[in-house]
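Throughout, residue positions are numbered sequentially from 1 according to the sequence presented.
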Amino acid sequence: ASGGGKALHATVAVGGGKYTVNPGPVWAERVAQELDYPITVGMTGGFGFAPVECPQPPSCTNWAMGGARVSLHPGIRENPDGSGQLARTIKEQIELHLARFGGFDSDEAVSVQGGGNDVFHQLLSIGALVQGGLTFEQALASVVAAMASAGAELAGYVKDDILGNGARQVVVWNLQDVADTPFGQRLDPQTRELISAMTDAFNARLLGGLAGTAAKVIDTRQLLAQWVANPAAYGFGNV
């Protein structure tokens with residue numbers, strides 16, 4: 001659903017979609033399958049369709065939305081008039097869950113992952129920052145600082161809004177280095193270096209903010225780096 005015009009128009013025609021090319025379940029659904037837990041998307045909408053909350057709790061607990069940022073709008077491909085994709089922020093996703101269920105049960109497994117869409121947004125904002133009066137160097141520093149703030153915010157939401165509302169089994173995925181993804185590898189070296197700096201700034205504040213909490217962190221940045229460095233060991237022929 002995130003590709004070119006044909007894919008976008010097909011997504012609009014059916015009222016939405018999900019980020020998979022298989023087609024098949026996305027990672028949140030696969031985790032739920034491994035835990036033998038039925039999971040349903042908590043809200044649908046976008047592309048001109050009004051947001052609708054899932055009518056059948058308690059399985060309506062997958063609030064993940066493609067394009068969503070940690071705390072700010074617009075998300076990626078999110079339009080003010082509702083013609084783009086539905087991209088409630090992670091902060092708003094947590095609020096939706098709390099409004100519906102009142103909190104988290106101690107035996108629930110809660111998974112949180114974000115930051116990638118903030119990278120994309122900040123990359124796109126550099127030109128506007130320069131046009132607004134910043135030097136190019138100041139603009140680069142600004143987007144790195146914005147990513148650090150997003151990491152700190154996400155840590156705060158996990159501590160205050162998730163752990164603080166009863167969750168005891170919380171897994172947080174840090175941000176993989178987008179410079180190592182196929183998208184990143186086609187960019188120039190300077191942009192890739194900037195992306196890595198943004199990733200590190202986000203992760204440092206995220207990990208620092210979660211230190212001493214019950215949240216378990218999965219280091220996806222290190223995992224992706226391992227796969228890229230030695231793809232054959234993980235069954236990949238081309239990374």
In short, side-chain hydrogen bond (donor to acceptor under 3.5 Å, both in side chains) pairs touching residues 183-195 with sequence neighbours left out are Asp180-Arg192, Asp188-Thr191
Testing the basics here: between [X] and [Y], what is the closest heavy-atom pair and its distance to 0.1 Å?
X	Y	answer
Gly66	Ala87	O-CB, 4.0 Å
Phe104	Leu98	CE1-CD2, 3.7 Å
Ser196	Asp177	OG-OD2, 2.7 Å

Note to self: As a quick check of understanding, evaluate side chain to side chain donor-acceptor pair (under 3.5 Å) for Gln85 and Tyr19, giving each step before the final call.
What the structure shows: CA-CA 12 Å; Gln85 61 185 7; Tyr19 279 81; 2.8 Å; yes
I want to check something: taking the side chain as every heavy atom from C-beta on, are [X] and [Y] in contact at a cut-off of under 4.5 Å?
X	Y	answer
Val217	Leu207	yes
Gln222	Gln226	yes
Phe183	Val178	yes
Leu206	Leu175	no
Asn165	Asp160	no

Lys91 bridged to Glu153 by N-O distance under 4.0 Å: no
Under 3.5 Å donor-acceptor, [X] side chain and [Y] backbone:
X	Y	value
Gln122	Met147	no
Arg205	Ala150	no
Ser83	Asn79	no
Asp118	Val70	yes
Lys159	Gly209	yes
Gln169	Asp107	yes
Asn203	Asn174	no
Glu108	Asp105	yes
Asn62	Ile39	no

Residue pairs meeting disulfide bond (SG atoms under 2.5 Å apart), one or both in residues 29-87, sequence neighbours left out, come to Cys54-Cys60
- Task: For the pair Ser71 and Thr89, evaluate side chain to side chain donor-acceptor pair (under 3.5 Å) and give the outcome as yes or no after the intermediate values.
- Result: CA-CA 5 Å; Ser71 63; Thr89 66; over 6 Å; no
How far apart are the C-alpha atoms of Glu78 and His121, what are their side-chain angles, what is the distance that settles it, and do they pass the side chain to side chain donor-acceptor pair (under 3.5 Å) test?
-> CA-CA 11 Å; Glu78 179 188 30; His121 177 83; over 6 Å; no
